[in-house]
Amino acid sequence: FFVCGVIEKVLFYLTRVNTMEKKLAEYKCDTNEAICLKLVRFPEDIEDDGTTFHPEYSHQIFGDDEVAFGYKGLQIQLFYSAGNLSTLFKVKYSSKVTETFDCVEPDDVEGKIREIVPAGFTCNTDDFISLLEKDANFKPFGTLLHTYTVHNEEAGELTYQIHKADITCPGFQEYHERLQTFLMWFIETASFIDADDDRWDFFLVFEKYNKDGETLYATVGYMTVYNYYVYPDKTRPRVSQMLILPPFQGEGHGAQLLEAVHRFYCSLPKVQDITAEDPSENYVKLRDYVLVKLCQGLPSFAADKLHLGFSADMIKEAQDKLKINKKHARRVYEILRLRATDMSDEEKAREYRLEVKKRLFGPYRKNQRELAKMRKCLRPEELVSHMGQMDTQTQHEELEKSYQVVVEDYRRIIERLASQA
Ligand SMILES: *[C@@H]1O[C@H](CO)[C@@H](O)[C@H](O)[C@H]1NC(C)=O
């Protein structure tokens, strides 16, 4: 009796734990799905799910699992007026765990969002609609650098403007705080900048649109650039962050923005060259495209010069006229040379392959030099393990793989240039 009683209790307890676990699992939400973002132009957009978009990342706020615990049907709404980015913030759910019934506390979702969304948002839809009406008075910050149009299937010809702003523009600092919250959702390792430093330049993209017969401006994306000092009297602008908001991605705004930024700094004599902080693969591809577009008209990069190799003239011309450093100019040369090379001609294709591989081999050669140095001070068994990592067969395979990836990227850039021509 006694033993059976204990087993029964244990079993009872185990099933309880099990159902409890199942029940609690229902209270876990994927935060990338739960967070609903929206750029609102018209009041009817608020109820239109078609304009909602979701984060790619939320790990910086909700942890690596990107899960919020404690709610069923969680929806975190962050809706922004299209221009000024006035913010509506609401947390909705169908049910929530309670401490008294479930002995667990729900995550403080609201508190976590408040950490990145600056004060001044509203939680009331009617208030948000009044703020939305004020968007008619919103004008882009700073000075106009560049205007361009994009053809849109539905809307026809749309006009975009790129502006340069800095923190001295009235209202800009607060606007930038609202804008930079998007970085958390779309850049894997985003961090906020200390904008209160006059070495930052901000470049903003806006779309002009029509509302009730008036021209309004919608925020499309932006770039931040830090002006580093270079001894004795130069600066080196370094691109720090760049984001095109998801509803506008794939329309060529990134290339327009980067080109406008390059052209802006090229016109300043004190600028040495333009660099980027920890660039992503996508950024490098975008930059290659833009730099090739800028360089293809330079005499030193003319088709008949390309097969003679990467020259001092190319380095100097790219540097002087376009503030492009040697490393970036080298990639431009490789892309333009690929475009000018008949790759079905075996001899020419071989020359091209060797030329690119020579550059790619640079880091391996350095490894070998280091290895040679190490040999002198390593014990034999340590040496063997290092040798193993670097045998020539693997080196060749790695090199071939890198070459294929590089050329594939180059081909896509060449295609894109051709489609724009
Ligand atoms: C933009 O938003 C800020 C902060 O909510 C507000 O103070 C300002 O009046 C708004 N400007 C416009 C034109 O809506």
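Note that the structure is predicted; figures quoted are calculated from it, not measured. Numbering of ligands and ligand atoms starts at 1, following listing order.
- Distance remark: protein heavy atom not present below 4.0 angstrom from atom 7 (O) of ligand 1.
- For atom 1 (C) of ligand 1, the nearest non-hydrogen atom of the protein is Asn84 ND2, 1.5 Å.
- Between Tyr209 and Tyr217, the ring centre distance reaches or exceeds 6.0 Å.
- With a 6.0 Å cutoff to the six-membered ring centre and a 45° limit on the axis angle, Arg238 does not count as a cation-pi contact of Tyr226.
- Proximity of the aromatic rings of His146 and Tyr148 is defined here by a centroid distance below 6.0 angstrom, and this criterion is met.
- For the ligand labelled ligand 1, residue Arg178 lies inside the 4.0 Å heavy-atom shell.
- Considering only non-hydrogen protein atoms, atom 9 (O) of ligand 1 sits nearest to Lys134 NZ, 2.9 Å.
- Contact atoms of ligand 1 toward Phe138: 13 (C) (distance under 4.0 Å to a heavy atom of the residue).
- With hydrogens and angles left out, the side-chain atoms of Thr168 and Asp166 include a donor and acceptor closer than 3.5 Å.
- Ring pair Tyr175/Phe206 is tilted by interplanar angle, where 30° to 60° counts as tilted.
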